[in-house]
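Numbers restart at 1 for each chain; the letters A, B, ... are given by sequence-line order, proteins then strands. Worth saying up front: this structure is predicted, and the values here are computed from it rather than measured.
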Amino acid sequence: MAKKSFGQLNPAQKEAVTHGNGPLLVLAGAGSGKTRIITERIAYLVSSKNVAPRSILAVTFTNKAANEMKERIHGLIGQDARSLWIGTFHSVCLRILKREITNLEGFGRDFTIYDDGDQLRLIKQCMAELNISDRTYTPRSIRSKIDGAKNKGLGPEDFRGDIYEKTVSYIYDLYEKELRRANALDFSDLLHVTVRLFIEKPDVLKRYQGFFQHILVDEYQDTNPVQYKIVELLSKKHRNLFVVGDDNQSIYGWRGADITNILGFEKDYPDTSIIKLERNYRSTKTILEASNKLISNNRHRHEKELWTENSLGESISYYLARNEKDEAKYVCSQIRLEAVKEGYSYKDIAIFYRTNTQSRQIEEELLYSSIPYRIVGGIGFYQRAEVKDVLAYLRVIANSQDEMSLRRIINVPARGIGKGTLQILEDIAEKNGVALYDALDLAAEDKTLPKSSAVKLEKFYKLVTELISYSRENGIGELIDRVLQKTGYLDILEREPERRENVGELFNIAAEYENEGAEGDTPQPKESENTELNEFLDRISLASDLDTYNDKTDQVALMTLHSAKGLEFPVTFIIGLEENLLPHFNSVRGGEIEEERRLLYVGLTRAREKIYLTSSSRRLVFGKEESPTPSRFLSEIPEAFITANMYQGESRRTSGNRSEKSNLPLKTPVRQSGNGKSYKAGQQIEHKKFGLGTIRKVEGSGDKAKVTVHFARYGTKKIIASYLEGK
DNA sequence: GGGGCTAAGCTTTTT
DNA sequence: GCTTAGCCCC
């Protein structure tokens, strides 16, 4: 089966797929068939090299990518695909930790995973306990310090220096203690603790080293130091490390990703082979050329230039809007056009933006225009208060030590356990050296507590213990039902249909999970009591909104440029190309322009056929109106590839046909072949690339006039006058 | 202890 | 402009 598909691979691709043993770096440009290489390689290893699927580890960047890869490989090699290890770094580490974490002192198997919200709350709590004001040090900045440390494998003891460093150290230290006490791991811990495990327990590492004969890593340009370490450790024995990436698409520097991992791969693995995939199968020549030109402004990169045999395609549209509303309206009207006149489906179209907030205006306008859409990412389903509440109940049931969740639900719905009572409860816990949950049971005998409060606590304790025993005999769906009824949460939902719907959806997810689990390919140790519930909660913790994105329903996709990585669409819009937005203010200030440029590069290279770029001359920032200037990146794309427009609304008649081009941010073209000539409809002209054509329409005058030309070979195009030769 | 109101801070990007 | 946290009154 695999053999048949080899025929369709180009020589470089084939070389990568059939590479022998030893390290290999595949520098794969956008749209060069990166994912395909990995899937084909795995199929090749299994069917031609007789490598056991269970000894192949493939790491992807998102769960969605992992699932797609699994499916594709399943199509190539069948059932064998099930025993492959495919997942994100986080999910693979989770799987390893679930088996091995008890080898480490102070860690339990049924740990809870804290998401960044939980993390932030815990940091705040720690800061309060240490009497550190959250004004001088924001919990967010502390979190990024702690995360940064974990990503580099540093502990609290590694912060020594000035007062700030010492403060971070105290908080970090307490934070870690609290995590252990709650039997919880944060996101970074999943990786960090795995490395610790490997280093402290060499025998465990040895087992996994022997186990994974082949390791494949996708999106290698976005690995951080811990991930690098994991890969290094695991591949040490067999040394069959196959990494694929594109340094031009490294956009996660802020999350600790270290672009030198890919730039310095040859140094780390001196015997490595390198294969470059430079042929692009996705985009038109125009799109590819424009992207190449843009990214060539970056200095830190592997030299490579993408090319394609695809057609030239249409020029990139640029629209300068009057304000955000106008920008949104323009986007919607163009979508309409593409759908009605050009025959595109809504699912062929995507809108990308730098920050999540930008989706709001667009969303409003899409609703108004009745264009079906779907926001990918953003404020996710699992962040909603009611969903988090129900999940917090489940988490406490699965791991009663999980204090963060316990605090969340102890008075939701209101049951008379307020701040005062909680304080006393904390004291009881501390006095007796037990967890908050166990302190509930001691409350009845405590003298410091008012009788009425003691009764309430006791009642709550009974409620939870009852639910815990219920959970052992019943499925997750039934458990959710039970929780809702017994806790009185149902009454809250009665009054709020939207929330009820969300909780209903959570119920559906649970039911779906249970069905799928019945087929069973989860070889988990059965030592813990609530395996199924635990696995469900784990899955949810790592699930992101992107994973559920389904490209089959006919909806326009809205997402950030970061989320867009790895996807492709025939028609794309990138909005808000303004200074301080793209490139973002913080990056301009921090001098991280190259990453911003890569971000736009990622955006541009998602498109197969058409790109629309927009910026706005007015924008509300923090509720204040600003007048941003168009992004510097616009002028880095040669004008020849761009057709520019601007707002021509109500004022058009009064201001006459005033030349709008003078305001456009594009720099004047280098070539001046059309100098001084004038054009009119009907005239024959010649263009260097398109050949002979007839002018249909002229807008503006002089070199910068936009001329609509019908070319015999390429159809109708809008072109800047200076690129034409009169006939 | 609960609920409602006001003020401040916020927004980069995500596993 | 919107959301959250903290404060005050019932």
Rounded to whole Å, the NE2-C1' distance (H584(A) to dC10(B)) equals 11 Å

L120(A) CG to dT3(C) P, in whole Å, measures 18 Å

Y353(A) ring center near F573(A) ring center (under 6.0 Å)
no

ring-ring contact (aromatic ring centres under 6.0 Å, His included) filter on F89(A), not counting sequence neighbours, yields none

Just by distance, with hydrogens left out, do D147(A) and S188(A) show a side-chain donor and acceptor under 3.5 Å apart? yes

Between CD of Q423(A) and P of dG1(B) the distance, given in whole Å, is 11 Å

Residue pairs passing the salt bridge (charged side-chain N to carboxylate O under 4.0 Å, His left out) test with at least one member in residues 121-131 of chain A, sequence neighbours excluded, are D118(A)-R121(A)

So, with a heavy-atom separation below 4.0 Å from DNA chain B, the residues of residues 227-235 of chain A are none

Hits for ring-ring contact (aromatic ring centres under 6.0 Å, His included) against F536(A), two or more places apart or cross-chain, chain-then-number order -> Y513(A)

- [ ] For dG2(B), take OP1 and OP2 only and decide whether either is under 4.0 Å from a side-chain N or O of N411(A).
- [x] yes

Taken to the nearest whole Å, CZ/R619(A) to P/dG1(C) is 16 Å

(request) Start with the C-alpha gap between R597(A) and E636(A), add the side-chain angles, then the distance that decides, and say whether side chain to side chain contact (heavy atoms under 4.5 Å, CB included) holds. (result) CA-CA 10 Å; R597(A) 192 177 280 117; E636(A) 295 176 1; 2.7 Å; yes

To the nearest angstrom, the CD-P distance between E592(A) and dT12(B) comes to 12 Å

Residues at least two apart in sequence or cross-chain that pass ring-ring contact (aromatic ring centres under 6.0 Å, His included) with F198(A), listed by chain then number, are none

Margin query: Give me the distance, rounded to whole Å, that separates dA5(C) from dT12(B) when you measure between the C1' atoms they each carry.
Written below: 23 Å

Test side-chain contact (heavy atoms from CB on, under 4.5 Å), reference S250(A), set E594(A), Q221(A), E219(A), output is Q221(A)

Sorted by chain and residue number, the ring-ring contact (aromatic ring centres under 6.0 Å, His included) partners of Y368(A) (sequence neighbours excluded) come out as none

(Q) Students often get this wrong, so: under 4.0 angstrom with heavy atoms, is R140(A) touching a base, only sugar-phosphate, or nothing? (A) sugar-phosphate

Side-chain contact check for S453(A): nearest option of dG1(B), dC10(B), dT12(B) is dG1(B)

Contacts of R196(A) meeting salt bridge (Lys or Arg N to Asp or Glu O under 4.0 Å) (sequence neighbours excluded), chain-then-number -> E200(A)

Expected string for nucleotides 4-10 of chain C under the B/S/- scheme (protein heavy atoms, under 4.0 Å, primed atoms plus P, OP1, OP2 as sugar-phosphate) is -S-----

To the nearest angstrom, the CG-P distance between N323(A) and dG1(C) comes to 14 Å

- Query: Does the side chain of F111(A) reach to within under 4.5 Å of the side chain of N399(A), using non-hydrogen atoms?
  - Reply: no

From CD of E363(A) across to C1' of dC2(C) the rounded distance in Å is 14 Å

Please enumerate all protein N or O atoms sitting under 3.5 Å from an N or O of nucleotides 13-15 of chain B, with distances to 0.1 Å.
residue, atom, partner, partner atom, Å
dT13(B), OP1, N356(A), N, 3.0
dT13(B), OP1, N356(A), ND2, 3.0
dT13(B), O2, W254(A), NE1, 3.2
dT13(B), O2, R354(A), NH2, 2.5
dT13(B), O2, H562(A), NE2, 3.4
dT14(B), OP1, T560(A), OG1, 2.8
dT14(B), OP1, S563(A), OG, 3.0
dT14(B), O2, R255(A), NH1, 3.4
dT15(B), O3', T88(A), OG1, 3.4
dT15(B), O2, H90(A), NE2, 3.1

Contacts of N586(A) meeting side-chain contact (heavy atoms from CB on, under 4.5 Å) (sequence neighbours excluded), chain-then-number -> H584(A), R589(A)

To the nearest angstrom, the CZ-P distance between R598(A) and dT12(B) comes to 19 Å

Note: contacts of residues 620-627 of chain A with DNA chain C (heavy atom, under 4.0 Å) are F622(A), G623(A)

**Asked** Got a salt bridge between R143(A) and D186(A), using NZ or NE/NH1/NH2 to carboxylate O under 4.0 Å?
**Response** no

Residue pairs meeting salt bridge (charged side-chain N to carboxylate O under 4.0 Å, His left out), one or both in residues 614-631 of chain A, sequence neighbours left out, come to E327(A)-R619(A), E578(A)-R619(A), R618(A)-E625(A)

